[in-house]
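If you read the sequence from its start, that first residue is 1, and numbering goes on from there. Computed from a prediction, not measured in an experiment: that's the story for all the values here.
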Amino acid sequence: VVAIFYDLVRRMKAAADDDAPVAVLTATDKIFHENLVMTSEAFQKEFQVVESGGKASKVLLGFKIHTLTKLSELKRRLMHTYLIPRNLFLRLHPGGFTNGVKTFNYGFLMDNHPDHPDKSMLHNRFQKIFRDSWKKVDKNDQKKWKQELPEVESYDGINVPVNFMKE
């Protein structure tokens with residue numbers, strides 16, 4: 001995983017627009033230099049590496065890209081020559097990395113075909129459940145949560161970063 005990531009960073013930097021260089025930060029906001037060696041343990045900690053279960057096991061890691069080159073353009077430039085041949089996927093992670101990179105397999109959700117999920121509908125359904133539950137939480141507890149996790153507060157209560165994807 002470490003060697004693949006180092007190579008990915010080098011290739012993203014090479015694929016970026018000349019006037020929009022790529023800078024990579026770890027999930028813990030430290031500047032990453034692809035020429036400096038990191039121990040496996042340090043890499044796992046800095047990039048919050050996790051292995052997901054499911055039909056096909058995946059390794060997930062979090063990092064931040066700072067560049068004026070659009071992520072979609074970087075992906076397009078690397079898609080056929082690098083990403084697809086290595087089964088690598090890049091996508092935005094909603095909510096940042098404060099609580100790590102976590103995935104959960106929900107399996108077959110009621111009234112949803114597992115091969116053709118309506119991801120937008122699932123997202124809206126879960127957000128409604130969160131908002132409805134939030135209204136039932138004691139006001140003092142709500143205040144405590146807002147202080148500890150200010151990024152989830154929204155105009156209508158709470159917005160938990162959830163992203164649904166097809167396995």
Side-chain angles (χ1 to χ4, degrees), residues 1-109 112-124 126-127 130 148-152 154 159-167:
V1 172
V2 176
I4 293 169
F5 183 74
Y6 276 71
D7 192 33
L8 173 64
V9 170
R10 286 186 194 99
R11 289 175 185 263
M12 284 192 304
K13 287 184 174 187
D17 296 335
D18 290 336
D19 59 344
V22 170
V24 175
L25 280 76
T26 68
T28 58
D29 289 326
K30 294 179 183 164
I31 295 175
F32 174 75
H33 298 283
E34 70 276 8
N35 295 324
L36 296 177
V37 177
M38 247 182 180
T39 67
S40 179
E41 295 78 22
F43 184 87
Q44 288 183 18
K45 180 182 174 193
E46 292 299 322
F47 291 95
Q48 299 178 356
V49 178
V50 295
E51 187 173 338
S52 72
K55 289 186 255 180
S57 183
K58 299 173 188 160
V59 175
L60 306 171
L61 59 93
F63 63 97
K64 298 174 185 178
I65 301 174
H66 288 224
T67 182
L68 293 176
T69 304
K70 292 181 179 180
L71 178 61
S72 60
E73 188 59 26
L74 287 174
K75 288 167 57 172
R76 187 190 65 74
R77 292 174 185 171
L78 297 172
M79 185 73 62
H80 297 289
T81 59
Y82 190 75
L83 297 175
I84 291 175
R86 288 162 183 79
N87 290 325
L88 297 176
F89 301 92
L90 299 175
R91 72 169 177 82
L92 293 176
H93 176 67
F97 302 110
T98 305
N99 298 303
V101 179
K102 296 186 170 97
T103 63
F104 301 93
N105 294 321
Y106 288 100
F108 190 78
L109 296 172
N112 236 318
H113 191 283
D115 288 335
H116 310 287
D118 182 344
K119 295 184 280 188
S120 176
M121 185 275 305
L122 287 172
H123 177 78
N124 292 339
F126 272 76
Q127 290 300 338
F130 290 134
E148 290 182 23
L149 299 167
E151 66 273 9
V152 300
S154 75
N159 185 18
V160 178
V162 174
N163 185 43
F164 290 94
M165 61 187 193
K166 180 182 168 195
E167 171 128 335

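- For an aromatic pair to be called close, the ring centres must be under 6.0 Å apart, and Y6 with F32 satisfies this.
- Nearest approach of A20 to L68, heavy atoms of both residues: CB-CB, 3.6 Å.
- F5 and F47 have their aromatic ring centers within a separation under 6.0 angstrom.
- Under a cut-off of 6.0 angstrom, the local environment of CD1 in I31 is sparse, with at most 12 non-hydrogen atoms contributed by other residues, nucleotides or ligands.
- Put simply, the residue from D29, V24, T26, T28 that forms a side-chain contact (heavy atoms from CB on, under 4.5 Å) with K64 is D29.
- Contact of the L88 side chain with the L78 side chain is not registered, since no non-hydrogen atoms from C-beta on lie closer than 4.5 Å.
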TODO: Determine, step by step, whether K45 and E41 satisfy the salt bridge (charged side-chain N to carboxylate O under 4.0 Å, His left out) criterion, reporting the C-alpha distance in whole Å, the side-chain angles of both residues, the deciding distance to 0.1 Å, and the verdict.
DONE: CA-CA 6 Å; K45 180 182 174 193; E41 295 78 22; over 6 Å; no
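- Using a 4.5 Å heavy-atom cutoff, the side chains of H66 and L25 are in contact.
- A side-chain contact (heavy atoms from CB on, under 4.5 Å) with M12 holds for exactly one of L90, L71, D7; it is L90.
- Residue P85 comes nearest to M79 through the heavy atom pair CD-O, 3.8 Å, listed as atom of the first residue, atom of the second, then distance.
- For Y82 against L8, the heavy-atom pair with the smallest separation is OH-N, 3.5 Å.
- If you run salt bridge (charged side-chain N to carboxylate O under 4.0 Å, His left out) between E34 and each of K13, R10, R11, only K13 comes through.
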